[in-house]
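Structure first, commentary second.
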There are 2 protein chains.
Amino acid sequence: MSKCEQCIIKQFNSLKSLTKDELVRISACKTSKKIKKGEVIFEEGEMLNGVYCVRDGICKLTKLSENGKDQIVKMVVKGQLLGQRSIISDEASNLQAIALNDMEVCFIPKSEIIADLQKNPKFSFDVLKDMASDLREADDVIVNMAQKSVRQRLAESLIYIHENFGVNPDGTLSILLSREDYASIVGTATESAIRVLSQFKKDGLISTIGKFIKIEDLNGLKRIE
Amino acid sequence: MSKCEQCIIKQFNSLKSLTKDELVRISACKTSKKIKKGEVIFEEGEMLNGVYCVRDGICKLTKLSENGKDQIVKMVVKGQLLGQRSIISDEASNLQAIALNDMEVCFIPKSEIIADLQKNPKFSFDVLKDMASDLREADDVIVNMAQKSVRQRLAESLIYIHENFGVNPDGTLSILLSREDYASIVGTATESAIRVLSQFKKDGLISTIGKFIKIEDLNGLKRIE
DNA sequence: AACAAATCATGATTAATATCATATTTTAAT
DNA sequence: ATTAAAATATGATATTAATCATGATTTGTT
C-alpha cells in the first residue's frame, strides 16, 4: 500500500499542510478502498467515522428532497476530500455520496483528523479555507437556482464541468453523466434536461460522441438567457 | 466603550473560545459602530478589513444575480459574526450586507482575527464548526430552491424566521421584511410573493398586524405542497 | 443472439410562475 | 396638510417547465 508521505494527491487538498510525522501516522492507520461505479460511499444520515481522500475517480454528493427527488449538491473529484463537514460538526452526514465512475479512495479515521485539526493550526486553517471556498460556491449555486432559467443553469453546469473537471483528448467532457444526473444538478425534470440538451445540440452549442458531450460553442453557451 | 471580556454577545459565537488575554487585545483594537436601517455594511466585491460582531439588529446578505435581481442568501442576527468567510479566504466579499433595522456592531480588524485563528486551535475549530453549519444550511437552501414550489419555499421561510429569529410579544415575527425582501429570499417575483402571502392570509395560515406577519397555523404552513 | 431493463427522446397537455398593466394604500418629504 | 414616491395588491396574459404518454435506442444479462 502506498504511503501518504509520498502520495502526490495530497498536494491538491489540505492534507498537504500536515507535517511529515503526521502523515506517517495517518498513513499507518488509513485504509485504501476501491469503489465501483454507482456504489454508495456513504448515506445521507449516516455517521461518518472518517474522511475520504479521493485518489481517483469522481463522485456526486446528493440530498434527498422531501418530494422524493435527489438533488446533486456538489461533485468531488480526484484530489479532494470527502466528509470533512460532517466530521467537523460531529453530525450525521447531510448528503449521500455515490461514485460516478470507478474510484480509489483512502479512508482516514476521524480521531486522526480531529487530532491534527486541534494540534496543527496550519492544517486547520487550510481546511477552513477549503470550507470557505465551498461556502462561496454554494452561495453562487443558490443564486443561480433562484434566479436563472433551466436553460441557463444547464448551460452553466456544462461550462462549470468543462472548466473545473476538464476534457478528454477528443474534447468531450471528462465526466460522463446521465441525463438524469444533469437534471438533478440543475434541479429540473429529466425530460426537461433532455429537451434542453437536444436543443443545445440543434443550435450547435454542443455535440455528442456516444454518451459524451462536447462543447462546440463556449461563448454561445455563455450567452444563453 | 464596553469591553469584549465582559460582553455577553460573544457567548453566541466563536469568540467565546478566545482566552481572556486574546479578548483584552481584541477589545483594545475593536471599534463600535451604529448602523442605520437600510445602510450598506459592506458591498459585494469589497475587500473586508475585518469581521463584524453583531451586538444588536439584523442584516441581510445578498448577492446580485446576472439578471440584475438581488438574492438574499442568508440573514445574520444579534450574536453572530459577519465577514469571516471573506477574511479566511482572503478574497473580496461575495456578498453585500445591508442592515434590516438599526444595528450595533463591533468591528474587529483582520490581522487580529487571523492571528488568533493561527494561534488558538480551539477558536479556529469553533469557526470551522460555524462554517460547517453554514455550509449545511446552504445545502438545504440549494435543494429547496431546486425542488420546491414558490408556495413551499415561502411557507418554509416564514417557519424558518419564526423558529430562528423569534417573535414579538404579540406573536408577530420579530423581523420586519418587505414583500420584496420575501421575494428575494424565495427567489421569485415580488408580485408572486405578494400573491402567495395574500393567499396564506385568506387561508388563515398567517395574519398581519400593520406590516408585521403573524403565523396563525404553523402546522398548516408545514403541510403546504 | 435475444431479451429485459434502463436510458434517451419527443409530443401533448397542464400547472406554475413571470411579466405587464393598473389601482390602492402606505410612507416619506416638503 | 399636501404631494410625491414607494410599497402593496390584484387582474390579464405570456412564458416556462412539469407531467403524462408513448416510442426509440442503448445497455446489460442470460
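Just so it is clear, the model here is predicted, and its values are computed rather than measured. Worth knowing before you read on, the calculation uses all heavy atoms, side chains too, and leaves out hydrogens, waters and symmetry mates.
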- Message: As a test of understanding, state which of B:K36, B:K34, B:K33 forms a salt bridge (charged side-chain N to carboxylate O under 4.0 Å, His left out) with B:E104.
- Response: B:K34

- Item | Closest to side chain of A:S149, choosing from D:dT16, D:dT19, D:dT10 | D:dT16

- Message: Measure CD1/B:I194 against C1'/C:dT19 and give the value in whole Å, please.
- Response: 14 Å

- Task: Grab the CD-C1' distance between B:Q147 and C:dA16 for me, whole Å please.
- Result: 15 Å

- C:dC8 base / A:E180 side chain donor-acceptor hit below 3.5 Å: no

- Length of the line joining A:E225:CD and C:dA18:P, which is rounded to integer Å: 17 Å

- Query: Rounded to the Å, how far apart are B:Q152 CD and D:dA18 P?
  - Reply: 14 Å

- Message: Is it the case that the base of D:dT15 and the side chain of A:R151 share a donor-acceptor contact (distance under 3.5 Å, atom types as modelled)?
- Response: no

- If each of A:A193 and A:K211 is mapped to the nucleotide of DNA chain D with the nearest heavy atom, which maps nearer the 5' terminus, i.e. the 5' end? A:A193

- Message: Considering every strand and a 4.0 Å limit on heavy-atom distances, what is the contact class for B:K69: base, sugar-phosphate, or nothing?
- Response: sugar-phosphate

- How long is the line joining CD of A:E191 and C1' of C:dT14, in whole Å? 14 Å

- Any side-chain N or O of B:T188 less than 4.0 Å from the OP1 or OP2 oxygen of C:dA18? yes

- Calculate the interatomic distance between B:Y182 atom OH and C:dT17 atom P; express it in whole Å. 19 Å

- Nearest nucleotide by nearest heavy atom, which residue falls closer to the 5' end of DNA chain D, B:S198 or A:V196? B:S198

- Query: How close or far is atom C1' of C:dA9 from atom CZ of A:R179, stated in whole angstroms?
  - Reply: 9 Å

- Item | Length of the line joining A:I213:CD1 and C:dT7:P, which is rounded to integer Å | 15 Å

- Query: Hey, is the side chain of A:K148 poking within less than 4.0 Å of OP1 or OP2 on C:dA18, counting only N and O atoms?
  - Reply: no

- With a 3.5 Å cut-off and just heavy-atom distances, do the side chain of B:R195 and the base of C:dT19 make a donor-acceptor pair? yes

- Message: I need the single residue from B:R223, B:K148, B:K222 that forms a salt bridge (charged side-chain N to carboxylate O under 4.0 Å, His left out) with A:E66. Which is it?
- Response: B:K148

- Message: I'd like to know whether B:E180 forms a side-chain hydrogen bond (donor to acceptor under 3.5 Å, both in side chains) with B:T190, so could you lay out the CA-CA distance, the side-chain angles of the two residues, the decisive distance to 0.1 Å, and finally the verdict.
- Response: CA-CA 5 Å; B:E180 195 183 357; B:T190 305; 5.0 Å; no

- Comparing A:K201 and A:A146 on DNA chain C - which has the more 5′ nearest nucleotide: A:K201

- Message: So A:L48 and A:F107, do their side chains get closer than 4.5 Å, heavy atoms only?
- Response: no

- Item | A:R153 backbone acceptor or donor facing A:N144 side chain under 3.5 Å | no

- Query: Quick one: is C:dC8 close enough that its OP1 or OP2 comes under 4.0 Å of any side-chain N or O from A:T190?
  - Reply: no

